[in-house]
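What follows is a short report on a single structure.
Counting begins at 1 with the first residue of the sequence.
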Amino acid sequence: MRARLIVNPVSGANRATALLPLLNERLCTLVRDLDITITTGGDDTERAAARAATEGCDALYIAGGDGTLNAALRGLASASDGLRIPIGLIPFGTGNDFAKALGLGEQPEPALDALLDARVIDVDVGMVNDRPFVNISAGGFVADVSAIVSDGLKDKTGKLAYLIGGARALLGSEPFSARLTTVETSSAAHAWDGDVELQMFAVCNARMIGGGYPIAPAALIDDGLVDVVMVRRLPTLEFVRVLQQVAAGEYEGDERVLHFRAPAFDLQFNRTVRVNTDGELLEADRCRYIVRRHAARFFCGAAPQASGQPVPLML
């Protein structure tokens, strides 16, 4: 078996590099031929993942956070059938939300133990304007927080960085108008079709955001749907109260919050809006979301947040 390990050396306050000998030793008990790429910035992760696909690797391991994983997904998506390479995520980021969705936890050593059991599950890939994500894509306030939460702030404060960023974003995040067009979804969503003033939206393939907030507590990573959460424009203090409910996943029945599930939908904005995709930022005046069901394969723990069951991978 041939595999590639991509290491983001700045993830987890440089812990990924410090644990590289352990990663190499443990993975080589499973992998006969392991190529290691240590990224230095730019598009290194994306290029290394694309090479893993084109060079016929049997598995790709990623030591980093959600942003590193997203860059690797972009690289794999650029290669023919690249997303079918089994992906092993070793969590070294601040949030590690998708690692938790896979049942790997948020610490690298236990996750590595689980990866060596070589269980895999097919996972949906969300696409926003042809850009892949597997955890969450969010716009408005949530993306404004991401723009504030720098790597340096995360290194210094850990998960508190999201709270600090949230407090700062409240002062500058501006609401926006969006036209929602839904596809094959609930009547509740259709009630919001047309122009609506929004404070934020989150499109969730998995359940958690910001290092453990269960914004979509019933989301499954393999059901062919995204869970969509939208919050109307509100006065600041009211928005803070609603945001606490949303962060806890306790908003059902609240008319200020729309929640629906769909395989695809469209948002057209009245201005350019900042959008977060698994920690990576883009700006768009329109977001077209579509789910590619079971498009990627991931190594997972014994109990991923999925409807299907993990299966052993014959190596």
I'd like to know if the side chain of [X] reaches the main chain of [Y], judged simply by a donor and an acceptor atom lying under 3.5 Å from each other, with no hydrogens or angles considered.
{"X": "D254", "Y": "R256", "result": "yes"}
{"X": "N129", "Y": "R286", "result": "yes"}
{"X": "K100", "Y": "P304", "result": "no"}
{"X": "N24", "Y": "L20", "result": "no"}

Please name the pair of heavy atoms, one in [X] and one in [Y], separated by the smallest distance, quoted to 0.1 Å.
{"X": "N205", "Y": "A219", "result": "O-CB, 4.0 Å"}
{"X": "I215", "Y": "A202", "result": "CD1-CB, 3.8 Å"}
{"X": "A216", "Y": "D227", "result": "CB-CB, 3.9 Å"}
{"X": "E106", "Y": "P91", "result": "C-CG, 3.9 Å"}
{"X": "N96", "Y": "G64", "result": "OD1-O, 4.2 Å"}
{"X": "P310", "Y": "C300", "result": "CB-SG, 3.5 Å"}

Salt bridge [X]-[Y], side-chain N to carboxylate O under 4.0 Å:
{"X": "D35", "Y": "R51", "result": "no"}
{"X": "R4", "Y": "E55", "result": "yes"}
{"X": "R84", "Y": "D81", "result": "no"}
{"X": "E255", "Y": "R232", "result": "no"}
{"X": "D285", "Y": "R271", "result": "no"}

* Can you run down the salt bridge (Lys or Arg N to Asp or Glu O under 4.0 Å) pairs that involve residues 201-226, sequence neighbours left out, and say none if there aren't any? => none
* Asked: Any idea how F269 and F176 line up, ring-wise: parallel (<30°), tilted (30 to 60°), or perpendicular (>60°)?
  ->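 If you compare the ring of F269 with that of F176, the planes turn out perpendicular.
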Output the distance between atom [atom1] ([X]) and atom [atom2] ([Y]), rounded to the nearest 0.5 Å.
{"X": "I90", "Y": "R26", "atom1": "CD1", "atom2": "CZ", "answer": "10.5 Å"}
{"X": "D278", "Y": "F98", "atom1": "CG", "atom2": "CZ", "answer": "8.0 Å"}
{"X": "R131", "Y": "C287", "atom1": "CZ", "atom2": "SG", "answer": "11.0 Å"}
{"X": "C28", "Y": "L5", "atom1": "SG", "atom2": "CG", "answer": "9.5 Å"}
{"X": "L112", "Y": "L23", "atom1": "CG", "atom2": "CG", "answer": "6.0 Å"}
{"X": "E197", "Y": "M230", "atom1": "CD", "atom2": "CE", "answer": "13.0 Å"}

Can you find a heavy atom in the side chain of [X] that is under 4.5 Å from one in the side chain of [Y]?
{"X": "L73", "Y": "I87", "answer": "yes"}
{"X": "P175", "Y": "L198", "answer": "no"}
{"X": "L27", "Y": "L116", "answer": "yes"}
{"X": "F133", "Y": "V203", "answer": "yes"}

* Asked: Counting heavy atoms not belonging to Q309, are there more than 12 under 6.0 Å from its CD?
  -> no
Sequence neighbours excluded and cut-off under 3.5 Å, please list the side-chain donor-acceptor pairs for residues 135-143, or say none.
unit_1	atom_1	unit_2	atom_2	d
N135	ND2	M208	O	3.0
S137	OG	N276	O	3.2
S137	OG	Y289	OH	2.8

* Asked: With the 4.5 Å side-chain cut-off for hydrophobic clustering, are V134 and L220 part of the same group?
  -> no
* Side-chain donor-acceptor pair present, T68, N8, cut-off under 3.5 Å -> yes
* Structure fact -> Applied to residues 290-305, the side-chain hydrogen bond (donor to acceptor under 3.5 Å, both in side chains) test, sequence neighbours excluded, yields D122-R297
